[in-house]
Amino acid sequence: EPNSLRCLPVHPLWQSPLTIPGGTRQSPINIQWRDSVYDPVLKPLKVSYDPTTCLHIWNNGYSFLVEFDDSADRSIIVGGPLENQYRLKQFHFHWGAINEWGSEHTVDSKFYPAELHLVHWNAVVYPTFEEAVMEGDGLAVIGVFLKLGAHHEGLQTLVDALPAIKHKDTIIEFDVFDPSCLLPSCPDYWTYAGSLTTPPLTESVTWIIKKQPIEVDENQLEAFRMLLFTSDGEEEKRMVDNFRPLQPLMDRTVRSSFQ
Ligand SMILES: NS(=O)(=O)c1ccc(CCNC(=O)Nc2ccc(Cl)cc2)cc1
Ligand SMILES: [Zn+2]
């Protein structure tokens, strides 16, 4: 590793620098509600997902991901702060060991117990996801906060699949799932220019953070925490606290779609 990186503090989970040298738009951030600026130009976000584009669910050793067939414009988002339409590639979650923390973004310095990320890429401009990951307008990620409350029927379908992907690098087929069931009913969101929160940490993400959390129950959060970072046969390490520390806002404004 170049010695300039050697001296940076390293995050235990990702063995990656906590801060990117020269990074000016890193994620996650704290969203200070009163500092966000209402932008009347922002459009409603339009989400149209085809549930049959769902492929599989897998444990990548950091989180669990549900991946989609993104070979055509079948599951897309458009509008909001976006100039193009973006294709759904995957969604995953970040969560804590206990309900006091777990989300990546915070609102007025408050953590939620978990956060959903729906990851989309700009297939209008870039030929592949891998190339879009390297470009400032390459990705759009919808962030949804999870809070402790009522049982979430749609999430239960995912929870029921987790025991089959307990260990790192396990995968099962997942035929039909409509991720729009994981979106809150309220259309309000914040948006800002940021980055991936895991390696390669590239500054390629337009973040769209929903104001309203979805409610999940304790058993559903506990099901996330029974996943393992480790492969079958290794000493078991529970998959918890897979969220990146907050990053400096620097010269950025968080815009809101609501007053
Ligand atoms: N957390 S994000 O939406 O900025 C993000 C979106 C996409 C990527 C590229 C695909 N890789 C991936 O999704 N990896 C991953 C996910 C969750 C955890 Cl906990 C660890 C690793 C990386 C970060
Ligand atoms: Zn994420």
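Ligands are counted one by one from 1 in listed order, and the atoms in each one are counted from 1 as well. Quantities reported herein were computed from a predicted structural model and do not represent experimental measurements.
- Relative to the ring axis of Phe258, Lys211 places its NZ or CZ within 45° and under 6.0 Å from the centre.
- Using a 4.0 Å cut-off between charged nitrogen and carboxylate oxygen, Lys89 and Asp70 count as a salt-bridge pair.
- Side-chain atoms of Asn122 and Glu135 form no donor-acceptor pair, as typed in the model, at a separation below 3.5 Å.
- Among the heteroatoms counted here (N, O or S) of His117, ND1 is the one nearest to the Zn ion (ligand 2).
- Atoms of ligand 1 lying under 4.0 Å from at least one heavy atom of Asn60, given by number and element, are 14 (N), 15 (C), 21 (C).
- Looking at ligand 1, you won't find any N or O of Asn242 less than 3.5 Å from one of its N or O atoms.
- The residue from Glu130, His92, Gln90, Glu67 that puts a heavy atom closest to atom 12 (C) of ligand 1 is Gln90.
- Closest N/O/S atom of His94 to the Zn ion (ligand 2): NE2.
- For Phe93 and Phe64, the ring centers are positioned less than 6.0 Å apart.
- Every atom of ligand 1 is numbered from 1 in the order shown, and the set under 4.0 Å from a heavy atom of Leu65 is 13 (O).
- Summarising the contacts of atom 5 (C) of ligand 1 with Leu196, Val133, Leu116, Leu139, the nearest heavy atom is found in Leu196.
- Annotation: cation-pi pair Lys110/Tyr112 present, NZ/CZ under 6.0 Å from the ring centroid and within 45° of its normal.
- The pair Arg74-Asp69 meets the salt-bridge criterion, with a side-chain N (NZ, NE, NH1 or NH2) lying under 4.0 Å from an Asp/Glu carboxylate O.
- Put simply, part of Trp207 is less than 4.0 Å from ligand 1, judged by heavy atoms.
- Every atom of ligand 1 is numbered from 1 in the order shown, and the set under 4.0 Å from a heavy atom of His117 is 1 (N), 2 (S), 3 (O).
- Below 3.5 Å of separation, one finds no N or O of Tyr62 facing any N or O of ligand 1.
- Side-chain contact, Glu218 with Asn99: a donor N or O sits under 3.5 Å from an acceptor N or O.
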Query - ring pair (Phe, Tyr, Trp, His ring centres under 6.0 Å) assessment of His105 paired with Trp207 - result: CA-CA 10 Å; His105 293 86; Trp207 280 95; 4.8 Å; yes
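- Within the structure, ligand 1 lacks Lys89 among the residues with a heavy atom less than 4.0 angstrom away.
- In summary, the atoms of ligand 1 found under 4.0 Å from a heavy atom of Ser63, numbered by their order in the structure, are 17 (C), 18 (C), 19 (Cl).
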